[in-house]
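Written below as structure tokens is the structure these notes are about.
Heavy-atom basis, side chains included; hydrogens, waters and symmetry copies ignored. Chain letters run A, B, ... following the sequence lines, proteins first and then strands; every chain starts at 1.
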Amino acid sequence: MRYNPKAVEEKWQGYWEREQLFSVQEDPDKKKFYLLEMFPYPSGRIHMGHVRNYSIGDVVARFLSMRGYNVLHPMGWDAFGMPAENAAIKAKTHPAKWTYENIDYMRRQLKKLGLSYDWTRELATCDPSYYRWEQLFFVKMFKKGLAYKKKSYVNWCGTCQTVLANEQVEDGACWRCDQPVVQKEMEQWFFKITDYVEELLEYLDKLPGWPERVLTMQRNWIGKSFGSTIHFPLESGKGSIQVFTTRADTLFGATFMSLAPEHPLVDELCRGTEQEETVRAFVERSKQAKRGERAADLLEKEGVFTGAHCINPMTGAKMPIFVANFVVMEYGTGAVMAVPAHDQRDFEFARKYDLPIKVVIKASEDAPVPEPAALDQAFEEDGILVDSGDFTGMTSAQAREAITQALEARGQGELTVQYRLRDWGISRQRYWGAPIPIIYCDECGTVPVPEEDLPVVLPLDLDMPESGASPLPLSEEFVRTTCPQCGKAARRETDTMDTFVESSWYFARFACSDYDQGPLDPQRVGYWMPVDQYIGGIEHAVLHLLYSRFFTKVLRDMGYLQVDEPFTNLLTQGMVIKDGAKMSKSKGNVVDPDDMIRAYGADTVRLFCLFAAPPEKELEWSDQGVEGASRFLGRVWRLVHDNLEGLQAAAPYDGRAEVGSTLQALHRKTHQTIKKVTEDIEQRFHFNTAIAAIMELVNQIYAVQDKASQDPAYWPVMREAVETVVVLLSPMAPHIAEELWERLGRRPSIAKVPWPTWREESLKAEEILIVVQVNGKLRGRLTVPADVTNEDLEKAALADPKVQSFIEGKTVRKVIVVPKKLVNIVV
RNA sequence: GCGAGAGUGGCGGAAUUGGCAAACGCACUGGACUUAGGAUCCAGCGCCCUCGGGCUUGGGGGUUCGACUCCCCCCUCUCGCACCA
């Protein structure tokens with residue numbers, strides 16, 4: 001009977017589905033475990049990254065379920081998003097049709113992989129029964145001031161009349177029509193994630209189950225820095241410029257001022273001066289430049305004088321105000337006090353435009369103070385203040401505090417904390433997304449859609465414009481409405497929400513995806529949340545995971561959730577690569593999961609993904625490696641079938657009866673393997689070494705085969721070993737395990753069999769192998785009784801003839817004995 | 001530039017607490033079975049060697065009886081952030 005993966009897999013997938021084997025209910029008497037893998041975007045077909053992600057998750061789900069946990073393991077679809085619009089335009093179909101067809105196809109693919117999902121909880125975020133609750137959250141956030149509208153710059157393609165995401169801008173041009181993209185100021189909706197910035201930062205220390213790498217990335221993204229805000233009065237006497245700096249100690253060396261091109265003061269300062277034209281031209285040019293170019297060192301530092309001056313609040317010196325292309329509006333106040341002697345960028349700028357340089361920091365107490373003209377670069381480190389009035393002689397750290405305090409006393413500055421994190425812009429001028437539930441009324445202004453009128457359903461009967469622009473603003477039927485407050489004619493918001501909003505709370509909805517009395521059923525959500533283990537790609541380390549943390553806190557404060565953090569443990573799996581590069585169509589190195597499953601079966605594909613590398617590392621796809629996995633399963637299959645009669649007739653050995661040494665060794669190996677596999681899965685998620693251990697056991701069974709068949713315990717010990725292989729393998733290769741389990745005369749399902757435990761008694765050998773070293777080098781091996789004393793061990797080691805030859809004629813200085821492991825003789 | 005991670009045979013990788021480096025798999029070599037073998041089973045497989053042994057975890061130094069593992073310096077690669085004031 002040959003192993004036929006296709007037949008076996010279809011049989012058991014049908015069985016699992018008929019028996020609803022993986023549907024779970026809330027059960028307060030059982031310990032719950034919520035295991036979640038990041039849900040996919042229904043792009044059309046699953047790729048190897050999904051296969052890997054979901055294979056890992058499935059092992060954990062099946063393993064924990066066999067260990068007695070009540071495991072929630074759901075799956076759904078991150079179903080809104082722009083690819084659906086693009087595909088629809090290209091294929092002249094509708095985004096909804098395209099999306100739902102993809103979902104149907106991909107669901108079939110996942111089922112073919114034999115993943116143990118509770119499909120009764122499946123959800124798609126583009127369904128009104130899902131996004132209606134998201135709109136409710138939006139309305140509540142609007143009422144709390146957590147959702148607000150403000151002007152901000154977006155990438156705008158004038159030809160397509162649409163806003164572009166950053167990744168749709170290629171070399172400063174629109175990806176669709178190749179026309180230049182400009183920065184346009186538009187009204188956009190934002191979520192006030194900055195209200196939670198401190199909690200988001202602090203709680204990173206309370207997530208020991210997250211990889212350090214991800215925590216660091218989030219910390220950097222939040223980017224908290226301590227410094228001072230300093231007010232520089234304008235020479236004209238009309239107001240002042242606010243500046244954020246971490247280097248208040250260098251204030252005496254500030255000789256000019258740099259403003260971002262977008263800074264609101266720029267216009268005002270140059271108006272009516274002879275520089276006006278030059279400044280405006282410069283600002284325009286800077287705005288044209290793509291953000292990507294503004295970043296990095298791609299752009300040469302340039303600037304223009306505005307014609308205005310401000311006053312250094314400490315020295316009283318007149319400081320010319322420049323507009324500089326390297327100052328970004330998004331960070332701090334969009335204005336920088338320039339200290340050319342102690343900041344490299346300011347130094348280069350000063351040299352270029354011949355601006356004064358004043359040294360105010362020296363390296364140490366006795367270091368000389370350099371002449372500005374002799375400098376070839378800025379001195380950016382901390383040091384001792386010079387030429388700084390009352391503060392001269394202080395260290396940088398002392399001066400930062402003292403100078404800020406002095407300013408504060410005069411109302412010209414204060415200590416401040418800056419964050420890199422900006423509020424989350426969620427407006428998308430796109431069609432295929434959840435409509436933002438807002439109505440604009442000429443009388444009443446911006447009015448949220450009343451909760452009882454939700455959802456604002458995304459109309460599905462619209463034609464997609466060729467340009468790629470959203471059809472929503474063109475739909476009179478959608479736009480025209482009445483004001484919920486005054487009843488007069490009003491217009492609907494036509495922006496939709498960023499798809500990251502949907503994925504920021506889907507994990508909670510899985511606890512109760514059929515609930516229609518509100519977004520979240522308190523009882524069920526209370527039972528399942530938080531997610532105990534979350535598994536997904538490292539590419540979501542910042543945005544998705546940060547937004548989900550933010551949303552969890554917002555929903556907590558609204559009373560929907562009782563947890564502070566959504567994901568207790570996080571596993572970020574590495575990419576699947578081929579020939580050293582990420583799989584991509586352009587490189588032609590894509591491996592299609594369907595082809596692999598057809599050729600080898602799902603069990604083999606899963607096994608390979610788990611075996612070839614530990615989960616957090618990259619996985620190099622290898623066709624020969626897949627062959628190896630397939631060969632191993634064939635080996636296990638034959639192990640059962642070649643011995644079927646004898647195995648069926650025997651009861652598994654329980655470790656009690658006396659058996660010969662060969663069988664004793666197999667019994668010991670069986671229990672060592674149970675221990676190794678259990679610990680590798682449970683503590684480390686190292687499935688590769690777990691599988692290697694099972695392979696070792698299989699190899700040993702093969703070696704024992706026929707060797708001790710006259711021993712009455714032969715078949716019982718064999719049965720124990722073979723059944724152990726099948727059970728230990730079942731989370732990784734569930735179909736073949738079910739089939740072999742049944743053929744061994746057991747009743748299905750193996751998924752409901754308790755995970756085996758090892759007997760400590762059975763792990764111990766009567767004799768152990770001791771390594772003998774001379775001067776740290778391996779010189780001999782000893783087989784000794786397991787209960788050997790250190791003294792006997794030392795004696796035996798010194799008496800060993802091979803060891804003797806190395807210590808002959810030398811003085812033994814010291815003997816180190818590591819109990820039951822090693823002897824090291826130092827001569 | 002800043003931050004994080006990694007570097008072990010021909011390849012993927014193992015070594016969990018400082019204690020036999022290279023488990024397991026792939027590739028390769030030989031043998032058995034066979035009409036046949038691209039199936040299967042068995043064996044070998046880091047490098048050098050005068051067959052005693054010597055050398056080996058990116059390079060150099062250190063701690064230790066003993067270092068892939070700990071410490072210092074350097075090199076290379078990957079990822080993240082990046083004119084952050």
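- Taking atom CE of Met217(A) as the reference point, atom P of U78(B) lies 17 Å away to the nearest angstrom.
- Across all strands, Arg422(A) comes closer than 4.0 Å to no nucleic acid atom at all (heavy-atom distances).
- Annotation: side chain of Leu798(A) is not in contact with side chain of Val823(A) (no heavy-atom distance under 4.5 Å).
- With respect to the salt-bridge test (charged N to carboxylate O, under 4.0 angstrom), the residues Lys301(A) and Asp346(A) do not qualify.
- Rounded to whole Å, the separation between the C1' atoms of C73(B) and U63(B) comes to 15 Å.
- Within the 4.0 Å cut-off from OP1 or OP2 of G19(B), not a single side-chain nitrogen or oxygen of Lys821(A) is found.
- Note on Arg635(A): a side-chain N or O is less than 4.0 Å away from OP1 or OP2 of C41(B).
- Here Arg420(A) does not reach the OP1 or OP2 of A85(B): none of its side-chain N or O atoms lies under 4.0 Å away.
- For Arg779(A), the side-chain contact (heavy atoms from CB on, under 4.5 Å) test picks out Val774(A), Lys777(A), Phe806(A), with sequence neighbours left out.
- Within the 4.0 angstrom heavy-atom criterion, only backbone atoms of the sugar-phosphate kind lie near Gln624(A); the bases stay farther away.
- Spacing of P atoms, C20(B) relative to U29(B), comes out at 33 Å, to the nearest Å.
- For the C1' atom pair drawn from U57(B) and A23(B), the interatomic distance equals 15 Å after rounding to whole Å.
- Within 6.0 Å of atom CD in Gln705(A), more than 12 heavy atoms from other residues, nucleotides or ligands are found, so the atom counts as buried in its surroundings.
- Two rings, from Phe326(A) and Phe349(A), have their centers less than 6.0 Å apart.
- In this structure, G9(B) is classed as syn because its glycosidic torsion stays within 90° of zero.
- Residue contacts for Val818(A): at a heavy-atom cut-off of 4.0 Å it reaches a base atom on one of the strands shown.
- For the pair Arg213(A) and A6(B), the criterion of a side-chain N or O lying under 4.0 Å from OP1 or OP2 is not met.
- As judged by a 4.0 angstrom heavy-atom cut-off over every strand, Thr689(A) is placed among residues touching the sugar-phosphate backbone only.
- Residue Lys582(A) is out of contact with every strand shown, counting any heavy-atom pair closer than 4.0 Å.
- Side-chain atoms of Asn824(A) lie closest to G66(B) of the nucleotides U16(B), A23(B), G66(B).
- Residue Arg631(A) has no polar side-chain atom (N or O) positioned under 4.0 Å from OP1 or OP2 of G38(B).
- Nearest-nucleotide assignment on RNA chain B puts the 5′-proximal partner with Arg638(A), out of Arg638(A) and Thr333(A).
- The base of C65(B) has none of its N or O atoms less than 3.5 Å from a complementary donor or acceptor on the side chain of Lys814(A).
- Ring centroid separation for the pair Phe608(A) and Trp621(A) comes in under the 6.0 Å cut-off.
- The phosphate of A15(B) (OP1 or OP2) has a side-chain N or O of Arg684(A) nearer than 4.0 angstrom.
- Scanning for salt bridge (charged side-chain N to carboxylate O under 4.0 Å, His left out) contacts around Lys578(A) gives an empty result, with sequence neighbours left out.
- In G52(B) the base sits syn relative to the sugar, since the glycosidic angle is no further than 90° from 0.
- Rounded to whole Å, atom C1' of A14(B) lies 14 Å from atom CD1 of Ile691(A).
- Side-chain contact between Thr194(A) and Arg422(A): absent, with no pair of heavy atoms (C-beta onward) separated by less than 4.5 Å.
- Below the 3.5 angstrom threshold, one finds no donor paired with an acceptor across the side chain of Asn220(A) and the base of C81(B).
- In terms of position on RNA chain B, the residue among Lys777(A) and Glu679(A) whose nearest nucleotide sits closer to the 5' end is Glu679(A).
- As judged by a 4.0 angstrom heavy-atom cut-off over every strand, Gly223(A) is placed among residues making no nucleic acid contact.
- Taking atom P on both nucleotides, C24(B) is separated from C74(B) by 40 Å, rounded to a whole Å.
- Put simply, the side chain of Lys617(A) and the base of U78(B) share no donor and acceptor less than 3.5 Å apart.
- Between A14(B) and Asn688(A), a contact under 4.0 Å exists linking OP1 or OP2 to a side-chain N or O.
- G9(B) and U16(B) are spaced 23 Å apart, taking the C1' atom of each and rounding to whole Å.
- The separation between Leu697(A) atom CG and G25(B) atom P is 12 Å, rounded to whole Å.
- For the pair Arg635(A) and Tyr702(A), the distance from NZ or CZ to the six-membered ring centre is under 6.0 Å and the angle to the ring normal is within 45 degrees.
- Looking at heavy atoms from C-beta onward, Leu385(A) lies in side-chain contact with Ile403(A) at the 4.5 angstrom threshold.
- G46(B) and G25(B): their P atoms are spaced 15 Å apart (whole Å).
- Among the nucleotides G25(B), A85(B), C20(B), the one closest to the side chain of Met695(A) is G25(B).
- Considering only side-chain N and O atoms, Asn699(A) lies nowhere under 4.0 angstrom from the phosphate OP1 or OP2 of C42(B).
- Distance noted for atom P between G62(B) and U56(B): 15 Å (whole Å).
- Among the protein residues, Gln773(A) comes within range of the nucleic acid bases, having at least one heavy atom under 4.0 Å from a base atom.
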Worksheet item: How would RNA chain B look in dot-bracket form, 5' to 3', counting Watson-Crick and G-U wobble pairs with both distances under 3.5 Å and writing | for bases paired to another strand?
Response: (((((((..(((......[....))).(((((.......))))).(((....)))..(((((..]....))))))))))))....

